[in-house]
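Each residue takes its place number in the sequence, starting with 1. Heavy atoms only: backbone and side chains are in, while hydrogens, waters and symmetry mates are out. Just follow the structure's listing: the first ligand is 1, and inside any ligand the first atom is 1.
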Amino acid sequence: MFSSNAHSFMFSCELYPQCKSGIGGWSSGSDFSASQRRRSAPSRVTCCASTSSSGKTHGGFLMEEEASGTSTIAGGGVRDVYGEDRATEDQGVTPWNVSVSCGYTLLRDPHFNKGLAFNDKERDSHYLRGLIPPSVLSQETQVKKMIQHIRQYEVPLHKFVAMMDLQGRNERLFYRLLLDHVEELLPVVYTPTVGEACQKYGNIFMSPQGLYISLKDKGRILEVLRNWPERNIQVIVVTDGERILGLGDLGCQGMGIPVGKLSLYTALGGVRPSSCLPITIDVGTNNENLLNEEFYIGLRQKRATGQEYADLLQEFMNAVKQNYGEKILVQFEDFANHNAFDLLEKYRSTHLVFNDDIQGTASVVLAGLIAALKLVGGDLPDHKFLFLGAGEAGTGIAELIALETSKRTNLPVEEMRKNIWLVDSKGLIVDSRKESLQHFKKPWAHEHEPVEELVDAINDIKPTVLIGTSGRGRTFTKEVIEAMASLNEKPIILSLSNPTSQSECTAEEAYTWSQGRAIFASGSPFDPVEYDGKVFMPGQSNNAYIFPGFGLGLIMSGTIRVHDDLLLAAAQALASQVAEEDYDKGLIYPPFSNIRKISAHIAAKVAAKAYELGLATNIPQPKDLMKFAESSMYTPAYRDYR
Ligand SMILES: NC(=O)C1=CN([C@@H]2O[C@H](COP(=O)(O)OP(=O)(O)OC[C@H]3O[C@@H](n4cnc5c(N)ncnc54)[C@H](OP(=O)(O)O)[C@@H]3O)[C@@H](O)[C@H]2O)C=CC1
Ligand SMILES: CC(=O)C(=O)O
Ligand SMILES: [Mg+2]
């Protein structure tokens, strides 16, 4: 996304096989030496610049000299429905003519760089001869080489860094690699490794990957948004870093999350990378370790709260709409629950927003439960649910289950809630606690004696489904799993907390302590488990199944508001993708290797529901939404630049 000089010493991997990237020596954007600056300013410069309607030039971050040496790409590749990357329609150029950097600058532009895949004609026409070794490699060969390169690293964080390095050098190769090896690389660019990356973000921060908006920017957030080099943004993932996975307040270092989520928007959902914008809002941090950390990258102050916080968020939401229009999708991610519910409530009727932790998670879990019914029998209203954790994920899932059950039974949601129980850090949520409960817990305060321990709640409530959303690892103890197994032939146990260290139990524990009877899935992936001579395949119950396809559905239909029925549609679409062979393995989610097809299904169903509800503005409605979704997807194949 950025032609950062900071990558110069790592230019490499698919270019120079002997060159290994690694941690250390990373510089921030401001550390470039003068010689590095000079080296990346050839006389034939660039372009990709596009002039916005406001007249401000964006994307011309290397336009230091006249653009007469600009190369023009004409045609080639498959055009997606969004138009080509950085298409410059408003300059009177067709989307098939895209001006790009040439020469050395082209090799520094991750949008267009192909490394050794530039063929001889391209090397001639784009002034590349001599700048790269003579060998020409196909993208397939580069992928083969890169995966070998990534596999050399034993430490997951090193793999993460190598992937980020690739993303900053050659975007299409990054996405090709990620898609081709999605099950292997998802845990690298996403949970669990992204959690560790956020914890160490200050040390591995390499080049700008997203936009930082801090309290210092109050009054000029619109200006800050306009500094981002891309103009046609369709989806923003924003965090304030206060609840990063189950790791707590990581302040400004939470940036790894929006960056990672948006990589999945592109890889899994086919939303083109140039229309994705990761944002971290820095209002300070209450994490003392970070405040005392010499290399902390964020504001060194306690978190702003109350009116100051609300005003900054309001300015942000206004600026986003003003800059990108009514249909910009804003995904709230990893806010603490004392802000998350309020933000969602405040903006859901004025903006196209959804909270992934509350709503995306609800949809993915409901999908898993619908699928699980095939393995355990009965319908949703026949089941009883108990949660450990009554925050965003817990109450969000609980509410969507109640909604779906209400639709299935034609009974009021309030009635359906009675089958759902939640435990928080103070024990079972019961009516005697109602006065002191946060508002999002109140609907779950049923009549019951106070119960402190989870295992006692299990024995009292007798749930068929146990769901962990506590953010606390190893809270599903042997006693807990055994209690579930003694009550149910096939207990459904979902251990959703991330990263792996925070998972309520491991896959091995779930299978072993239930004598192989548990239907198990977890937020972060676990390896298959061998128990009693049988191999068990744990599924991954993570909102990554939902938000990429969900977002694509909203974008392609021009939907302007998120309605709960869209989340239900997404859940049903995902559940419908679980095949017999998956069920045979005890799985309640389809494999990620089919994710593009799964996302297209989700997008099509979400869009169909949006059209039905009158929320979609892209008229006329395409006849075949599935085909439309598939054809809308960004493909990371290289383009022909001759
Ligand atoms: N798999 C997935 O797709 C997703 C997973 N998650 C994961 O879920 C976890 C929780 O996220 P979220 O709901 O947003 O967080 P919240 O902070 O909103 O909620 C956490 C809840 O857990 C409760 N809790 C904390 N410790 C204990 C304990 N020892 N015993 C019982 N309850 C406890 C808290 O209680 P109290 O209210 O009393 O403080 C609170 O109700 C995180 O690890 C996150 O990574 C989140 C979203 C998606
Ligand atoms: C998966 C996710 O969104 C979370 O753990 O917060
Ligand atoms: Mg999250």
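For the side-chain contact (heavy atoms from CB on, under 4.5 Å) test with Gln253, the passing option among Leu247, Leu290, Thr280 is Leu290; the others fail.
Within the structure, the closest approach of Val364 to ligand 1 does not fall below 4.0 Å when heavy atoms are considered. Using 4.0 Å as the threshold, Arg472 has a heavy atom nearer than that to some atom of ligand 1.
In this structure, atom 19 (O) of ligand 1 lies nearest to the protein heavy atom Gly391 CA, 3.3 Å. Scanning the protein for heavy atoms near atom 5 (O) of ligand 2, the closest one is Asn498 ND2, 2.8 Å. Shortest contact from atom 13 (O) of ligand 1 to any protein heavy atom: Ala393 N, 2.9 Å. Protein heavy atom nearest atom 23 (C) of ligand 1, with residue, atom name and distance: Gly389 CA, 3.8 Å. The single protein non-hydrogen atom nearest to atom 8 (O) of ligand 1 is Ser497 OG, 3.8 Å, given as residue, atom name and distance. Counting only heavy atoms of the protein, atom 3 (O) of ligand 1 lies nearest to Asn543 N, 2.9 Å. Taking atom 48 (C) of ligand 1 as the reference point, the nearest protein heavy-atom neighbour is Thr361 OG1, 2.9 Å. Counting only heavy atoms of the protein, atom 18 (O) of ligand 1 lies nearest to Asn337 ND2, 2.8 Å. Scanning the protein heavy atoms around atom 46 (C) of ligand 1, the nearest turns out to be Arg243 NH2, 3.7 Å.
Taking only non-hydrogen atoms, the option from Asn542, Thr469, Leu245 nearest to atom 10 (C) of ligand 1 is Thr469.
Looking at Glu392 against ligand 1, both its backbone and its side chain come within 4.0 Å, counting heavy atoms. Residue contacts with ligand 2, taken as heavy atom pairs separated by less than 4.0 Å, involve Asn543 solely via side-chain atoms from C-beta onward. Residue-level proximity to ligand 2 for Thr361 is absent, since no heavy atom of it falls below 4.0 angstrom. At a heavy-atom cutoff of 4.0 Å, ligand 2 is contacted by the side chain of Asn542 but not by its backbone. Here Leu388 has side-chain heavy atoms under 4.0 Å from ligand 1, and that is the only part of it that gets that close. Counting heavy atoms closer than 4.0 Å to ligand 2, residue Gln331 contributes nothing at all.
At least one N/O-N/O distance between Ser425 and ligand 1 falls below 3.5 Å. Considering backbone and side-chain atoms alike, Ser541 places an N or O below 3.5 Å from some N or O of ligand 1. When only interatomic distances are considered, the shortest N/O to N/O separation between Leu496 and ligand 1 falls below 3.5 Å. Considering backbone and side-chain N/O atoms, Tyr190 never comes within less than 3.5 Å of an N/O atom of ligand 2. Residue-to-ligand polar distances keep Gly394 apart from ligand 1: every N/O pair is separated by 3.5 Å or more.
A donor-acceptor pair shorter than 3.5 Å cannot be found between the side chains of Asn289 and Tyr296. Gln234 and Tyr265 form no side-chain donor-acceptor contact under 3.5 Å, judged by distance and modelled atom types alone. Side-chain contact annotation: Glu504 with Ser497, donor-acceptor N/O pair under 3.5 Å present. Side chain to side chain, Tyr201 and Gln209 meet the donor-acceptor criterion of an N or O pair below 3.5 Å. For the 3.5 Å distance criterion, the side chains of Ser263 and Gln167 qualify, holding a donor opposite an acceptor. For the residue pair Asn488 and Lys462, no side-chain donor N or O sits within less than 3.5 Å of a side-chain acceptor on the partner. Inspection of the Tyr190 and Asn542 side chains reveals an N or O donor paired with an N or O acceptor under 3.5 Å.
Using a 4.0 Å cut-off to heavy atoms of Gly523, the atoms of ligand 1 that qualify are 1 (N). The atoms of ligand 2 that sit less than 4.0 Å from any heavy atom of Lys261 are 1 (C), 2 (C), 3 (O). Near Leu245, meaning under 4.0 Å from one of its heavy atoms, ligand 2 places the atoms 4 (C), 5 (O), 6 (O). For ligand 1, the atoms lying closer than 4.0 Å to a non-hydrogen atom of Lys441 are 36 (P), 37 (O), 38 (O). Within the listing of ligand 1, atoms 47 (C) sit less than 4.0 angstrom from a heavy atom of Asp357. Listed by number with element, the atoms of ligand 2 under 4.0 angstrom from any heavy atom of Glu333 are 3 (O). Each of the following atoms of ligand 1 lies closer than 4.0 Å to a heavy atom of Ala390: 21 (C), 40 (C), 41 (O).
The six-membered or imidazole ring of Phe550 lies near that of Phe354, with a centre-to-centre distance under 6.0 Å.
Remark: Ser501 OG to Leu245 CG distance equals 9.0 Å, nearest 0.5 Å. To the nearest 0.5 angstrom, Thr464 atom OG1 is 10.0 Å from Leu386 atom CG.
Ion pairing between a basic and an acidic side chain is recognised when a charged N comes within 4.0 Å of a carboxylate O; Lys159 and Glu184 show no such pairing. Of the charged side-chain nitrogens involved, at least one lies within less than 4.0 Å of a carboxylate oxygen, so that Asp424 and Arg433 count as a salt-bridged pair.
A parallel orientation is assigned to the rings of Phe592 and Tyr545, their planes being inclined by less than 30° (bins at 30° and 60°). Ring pair Phe335/Phe332 is perpendicular by interplanar angle, where above 60° counts as perpendicular and below 30° as parallel. A perpendicular orientation is assigned to the rings of Tyr175 and Tyr634, their planes being inclined by more than 60° (bins at 30° and 60°).
Checking side-chain atoms of Ser503 against main-chain N and O of Thr500 turns up no donor-acceptor pair under 3.5 Å.
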**Item:** Worked verdict on Glu242 versus His338 for side-chain hydrogen bond (donor to acceptor under 3.5 Å, both in side chains)
**Value:** CA-CA 10 Å; Glu242 192 168 2; His338 54 94; 3.1 Å; yes

**Prompt:** Passes side-chain hydrogen bond (donor to acceptor under 3.5 Å, both in side chains), Asp249 versus Asn286? Steps please.
**Reply:** CA-CA 7 Å; Asp249 183 351; Asn286 295 338; 4.6 Å; no

**Request:** Kindly indicate, with the supporting measurements, whether the criterion side-chain contact (heavy atoms from CB on, under 4.5 Å) is fulfilled by Ile233 and Ile328.
**Result:** CA-CA 7 Å; Ile233 299 300; Ile328 178 77; 3.6 Å; yes

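Taking Ser214 as the reference, Lys216, Asp217, Asp282, Leu299 meet the side chain to side chain contact (heavy atoms under 4.5 Å, CB included) condition, with sequence neighbours excluded.
Counting only protein N, O or S atoms, the number found under 2.8 Å from the Mg ion (ligand 3) is 3.
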